[in-house]
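Worksheet for the structure shown next.
Below, chain A is the first sequence line, B the second, and so on; all start at residue 1. Computed from a prediction, not measured in an experiment: that's the story for all the values here.
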Amino acid sequence: HDVLWLDSSFSHLLCDVGRWEEAKYESGVKWKFLEHKGPCFPPEFESLPDNVRFYYNGKVVKLSLASEEVALFFGQMLDHEYTTKAVFRENFFKDWRKEMSSEERLLIQDLNKCDFSELHAMHKAKVEARKNMSKEEKLANQQTVEEYGFCLLDHHRERIGNFKIEPPGLFRGRGEHPKQGMLKKRIQPEHVIINCSSESKIPAPPPGHRWKEIRHDNTVTWLASWTENIQGSIKYIMLNANSKLKGEKDWEKYEVARRLKTCVDSIRRQYTQDFKSKQMGTRQRAVALYFIDKLALRAGNEKEEGETADTVGCCSLRVEHITVHPNLDASDFVVEFDFLGKDSIRYYNKVPVEKKVFKNVILFMENKNPSDELFDRLNTAVLNKHLSSLMDGLTAKVFRTFNASITLQEQLKKLSNKSDNPSEKLLSYNRANRAVAILCNHQRAPPKTFDQSMANLQAKTWQPTAGWNRWKRPDLSLSRLVERKKKAVERCEEQVLKMEVQATDREENKQIALGTSKLNYLDPRISVAWCKNMDVPLDKIYNKSQRDKFAWAIDMTEADFVF
DNA sequence: AATAGGACTTAGCAAGATCAAG
DNA sequence: CTTGATCTTGCTAAGTCCTATT
């Protein structure tokens, strides 16, 4: 099982499915040889200059090093609205006081009496200064990447995804996070586990330090790890998306989704049957699966209360997240969903469902409080256990991948024509991508400058610039002049069309994020094949890093690829 | 069957880089 | 050359799902 890489692209080998499968099943080995420099640590905190003062109750207080650092974290964030939030302030103050000396703790009892404005100003000035002197810094950054950003994996140089230890700061979290404002502590080498080959050069810890542990576990892909103090979860340093290890995994993911395509009809027939099962658990499983399949909901693992923001997925939906409408806007049997999903992004949708689903939802809600679980006989473990019995490797998230990719393929077929002009083709692609993003509920905050930039684009539509300033050319004959002007008009029309298409695209995209689905849900081979069929250059669809990530697909895909 | 720990993917935001217009 | 808009990347939180343990 020596690794035979012909070059940095592994796609030729990926085509040879059986070989890789065989190698993997034999032992669970992920690599034979792994060597790296260890993680890069953020600079240590140095005490503030004397002219940057902290005031308590109007009086200057010289803080100890530890509490000064934490005070600076707060001062840096003063522009953000969340420093005004009660939960944030309370958590911050509690953790800050833990870092204070006993005298400081005695003195500083009220956050409202703290004045961080000079710390804030210093931070702003630093940001400004960094902008101006970026040249040397850029060089230094490049050197850091050179030194820490790569590892040797099975004798090939691979890019590391995140080679820096996360710097300390105040935890923000998303949505109404109960732990917002808590102190995220500085990670020392003594907290870090290094994973590498035993026969490799062991990375040297920073001077005066030692690692927590050196491990040689070739069944995992991480190079270093540490435990984070907010949730107590493990953080990892792993490879970049363009690495062989990640690419292979990505390819596998889409192959599983393609297998679902071959059996999804029978799975749908079965869960439709199960709508009328005598077992309540089976009915709940069937309805949940229907939602996951139809609406691309996430599985919805249980979460520990009070540890994270209150968000749900399918299995963890509560009665309060659902409203049933026997009749709504000329549709029968409408279920209205309104809940916060991953990252506290709101999911709001009114969906006409099958009558049996509707009746079941009403049944599941009977005699329950709003805060009770809708699917009280179901969780993700039960659901996934069932799914894996239907198809090898099938889990709830595979439905999201499958439905996203199949939707892209269908929409591309429906929307695009070979005879379209390039910008129309691109609009079609983006619309197909958008259909998926809407399905998966990938939202974004509308860009701050959105209205302005729309207005700019509209204005431009009225003053195309293709050569109108060239009226005076006395040396030309009249017929040549007419010809030229005709051409100019044509160019203008083309430009206008292009801008109108662009404006449409942007308007439709106001609150939709296309990136997440493009990166994580859409089989890149669909896009590569479409580009080949439509004579669209691939770089219109994928930027450099996306092309790197999808190198495997770009290499192996022909125009006739079907998901 | 419930729970915890672990490893990995998926996610939106903001900083930084690049591009286009003035 | 500067400035503002847009695109890209870095960051790290927040999910999924698996395995081991009780």
Would you indicate, yes or no, if [N] has its OP1 or OP2 atom less than 4.0 angstrom from a side-chain nitrogen or oxygen of [X]?
X        : N      : value
A:Thr311 : C:dG15 : yes
A:Asn379 : B:dA1  : no
A:Lys246 : B:dT9  : yes
A:Thr395 : C:dC17 : yes
A:Arg400 : C:dT16 : no
A:Lys385 : C:dC17 : no
A:Asn384 : C:dC17 : yes
A:Thr221 : B:dC8  : yes
A:Lys235 : B:dA7  : no
A:Tyr521 : B:dA11 : yes
A:Arg298 : B:dA11 : yes
A:Asn520 : B:dT9  : no
A:Lys397 : B:dT9  : no
A:Lys164 : C:dC11 : yes

With no angle test and no hydrogens, is the base of B:dT9 tied to the side chain of A:Lys249 by a donor-acceptor pair under 3.5 Å?
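No.
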Report which part of the nucleic acid [X] touches: base, sugar-phosphate, or nothing (heavy-atom distance under 4.0 Å, all strands).
X        : result
A:Ala445 : sugar-phosphate
A:Gln443 : sugar-phosphate
A:Ala396 : sugar-phosphate
A:Lys303 : sugar-phosphate
A:Lys544 : nothing
A:Gly515 : nothing
A:Leu519 : nothing
A:Thr308 : nothing
A:Gly341 : sugar-phosphate

Any salt bridge (charged side-chain N to carboxylate O under 4.0 Å, His left out) pairs touching residues 219-241 of chain A, not counting sequence neighbours?
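Listed by first then second residue: A:Glu166-A:Lys235.
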One thing to verify: whether [Y] and [X] come together as a salt bridge, which I'm taking to mean a side-chain N less than 4.0 angstrom from a carboxylate O.
X        : Y        : answer
A:Glu158 : A:Lys244 : no
A:Lys85  : A:Glu176 : yes
A:Arg157 : A:Glu146 : yes
A:Asp79  : A:Lys124 : yes
A:Asp372 : A:Arg318 : no

On the ring face of A:Phe92, is A:Arg89 found with NZ or CZ under 6.0 Å from the centre and within 45° of the axis?
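Relative to the ring axis of A:Phe92, which defines the angle, A:Arg89 lies outside at least one limit.
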Of all the nucleotides listed ([options]), which has the minimum atom distance to the side chain of [X]?
X        : options                : result
A:Arg444 : C:dT12, B:dT10, B:dC13 : B:dC13
A:Lys184 : C:dT9, B:dA7, C:dA13   : C:dA13
A:Glu166 : C:dG15, B:dA7, C:dA13  : C:dA13
A:Asn543 : B:dA7, C:dT9, C:dT16   : C:dT9
A:Phe171 : C:dA13, C:dT16, C:dT12 : C:dA13
A:Ile234 : C:dA14, B:dG6, C:dT12  : B:dG6

On DNA chain B, nearest-nucleotide positions of A:Lys131 versus A:Lys30: which is more 5'?
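Looking at the nearest nucleotide for each, A:Lys30 comes out on the 5' side.
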How do A:Ala513 and A:Val220 order along DNA chain B: which one's closest nucleotide is nearer the 5' end?
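Upstream on the strand: A:Val220.
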When you measure from the side chain of A:Arg400 to the backbone of A:Ile292, do you find a donor-acceptor pair of N or O atoms at a distance under 3.5 Å?
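Checking the backbone N and O of A:Ile292 against the side chain of A:Arg400, no donor-acceptor pair under 3.5 Å is found.
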Any residue of residues 172-180 of chain A with a heavy atom less than 4.0 Å from an atom of DNA chain C
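Going residue by residue through residues 172-180 of chain A, the ones with a heavy atom under 4.0 Å of DNA chain C turn out to be A:Gly173, A:Arg174, A:His177.
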Classify the ring geometry between A:Tyr542 and A:Phe550 as parallel (under 30°), tilted (30 to 60°) or perpendicular (over 60°).
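The arrangement is tilted - the two ring planes meet at 30° to 60°.
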Nearest whole Å is fine: how far is [N] [atom2] from [X] [atom1]?
X        : N      : atom1 : atom2 : value
A:Asn141 : B:dG16 : CG    : C1'   : 10 Å
A:Ile345 : B:dT10 : CD1   : C1'   : 13 Å
A:Arg130 : B:dG16 : CZ    : C1'   : 11 Å
A:Leu223 : B:dC8  : CG    : C1'   : 14 Å
A:Lys138 : C:dG10 : NZ    : C1'   : 16 Å

One pair to check against side chain to side chain donor-acceptor pair (under 3.5 Å): A:Thr380 and A:Asn301. What are the steps and the verdict?
CA-CA 6 Å; A:Thr380 55; A:Asn301 285 308; 2.5 Å; yes
Closest-nucleotide mapping onto DNA chain C: is A:Asn301 or A:Asn240 further toward the 5' terminus? I mean the 5' end.
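It is A:Asn240 whose nearest nucleotide is closer to the 5' end.
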